[in-house]
Amino acid sequence: SGDYWRALAEAEYFVGNIVSSIEAYREASYYTPQNVKVWLDWSFILYEQGNTDKAIELIQTGLEDIPEQADLLYRLTAYLISQGKYKQAFKHLE
């Protein structure tokens with residue numbers, strides 16, 4: 001179940017097991033690709049670890065499953081702004 005994998009991912013993150021958390025989020029996204037929280041939380045871990053490019057790719061993957069989802073578009077905008085990609089960011093914000 002996607003909910004199980006998401007709960008496991010959160011637990012692993014909170015105890016500092018980043019790799020295990022990322023693997024659990026990968027499973028959660030497989031079982032529940034329409035769960036916005038999975039994409040947001042998973043991308044935040046990547047962003048927090050300094051992998052902004054991967055976080056952006058992940059959000060874009062989430063948008064393939066949930067097109068026009070506002071929370072994902074806002075997060076994508078924030079990640080792009082953090083990289084100084086203002087034109088792309090504002091395009092997604094619109």
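Quick note: numbers below take in every heavy atom, side chains included, and nothing from hydrogens, waters or symmetry partners. The first residue in the sequence is number 1, and the count goes up from there.
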Should Y79 and Y74 be counted in the same cluster of Ile, Leu, Val, Met, Phe, Trp and Tyr side chains packed under 4.5 Å apart? no
Spacing of CG belonging to L58 relative to CD belonging to Q60, to within rounding of 0.5 Å: 9.5 Å
Any side-chain heavy atom of E10 sitting closer than 4.5 Å to one from Y25? yes
Is there a side-chain contact between W39 and L63 (heavy atoms, below 4.5 Å)? no
Cluster link V15 to I18, ILVMFWY, side chain under 4.5 Å: no
For the atom pair CG (L8) and CH2 (W5), what is the distance rounded to the nearest 0.5 Å? 6.0 Å
Going by side chain to side chain donor-acceptor pair (under 3.5 Å), name the residues that satisfy it together with Q88, two or more places apart in sequence or in a different chain. none
Minimum heavy-atom distance F44-Y13, with the two atoms named: CE2-OH, 4.1 Å
Sorted by chain and number, sequence neighbours left out, side chain to side chain donor-acceptor pair (under 3.5 Å) with Y47 holds for none
Search all heavy atoms of A89 against all heavy atoms of T77 and return the closest pair with its distance. O-OG1, 3.4 Å
What do the steps show when you test L80 against L76 for side chain to side chain contact (heavy atoms under 4.5 Å, CB included), and what is the final call? CA-CA 6 Å; L80 289 168; L76 178 58; 3.9 Å; yes
How long is the straight-line distance from NZ of K87 back to NZ of K91, given to the nearest 0.5 Å? 12.5 Å
Would you call I56 and T52 a side-chain contact if the rule is heavy atoms closer than 4.5 Å? yes
Pairs under 3.5 angstrom only: tabulate donor-acceptor contacts from the side chains of residues 29-38 to other protein residues two or more places apart or in another chain.
unit_1: S29; atom_1: OG; unit_2: R26; atom_2: O; d: 2.8
unit_1: T32; atom_1: OG1; unit_2: A28; atom_2: O; d: 2.8
unit_1: Q34; atom_1: NE2; unit_2: D65; atom_2: O; d: 2.7
unit_1: N35; atom_1: OD1; unit_2: K37; atom_2: N; d: 3.0

With sequence neighbours excluded, what pairs up with N17 under the side chain to side chain donor-acceptor pair (under 3.5 Å) test? E12
When rounded to the nearest 0.5 angstrom, what distance separates CG in D41 from OG in S21? 8.5 Å
Might you point out which heavy atoms bring A55 and S43 nearest each other, and give the distance in Å? CB-O, 3.4 Å
Output all residues satisfying salt bridge (Lys or Arg N to Asp or Glu O under 4.0 Å) with E57, sequence neighbours left out; order by chain, then residue number. none
What's the spacing between Q69 CD and L40 CG if we round to 0.5 Å? 7.0 Å
Sequence neighbours excluded, which residues qualify as side chain to side chain donor-acceptor pair (under 3.5 Å) partners of Q83? D53, K85
So, taking the atom named CD1 in I22 and the one named CH2 in W42, what distance separates them when rounded to the nearest 0.5 Å? 8.5 Å
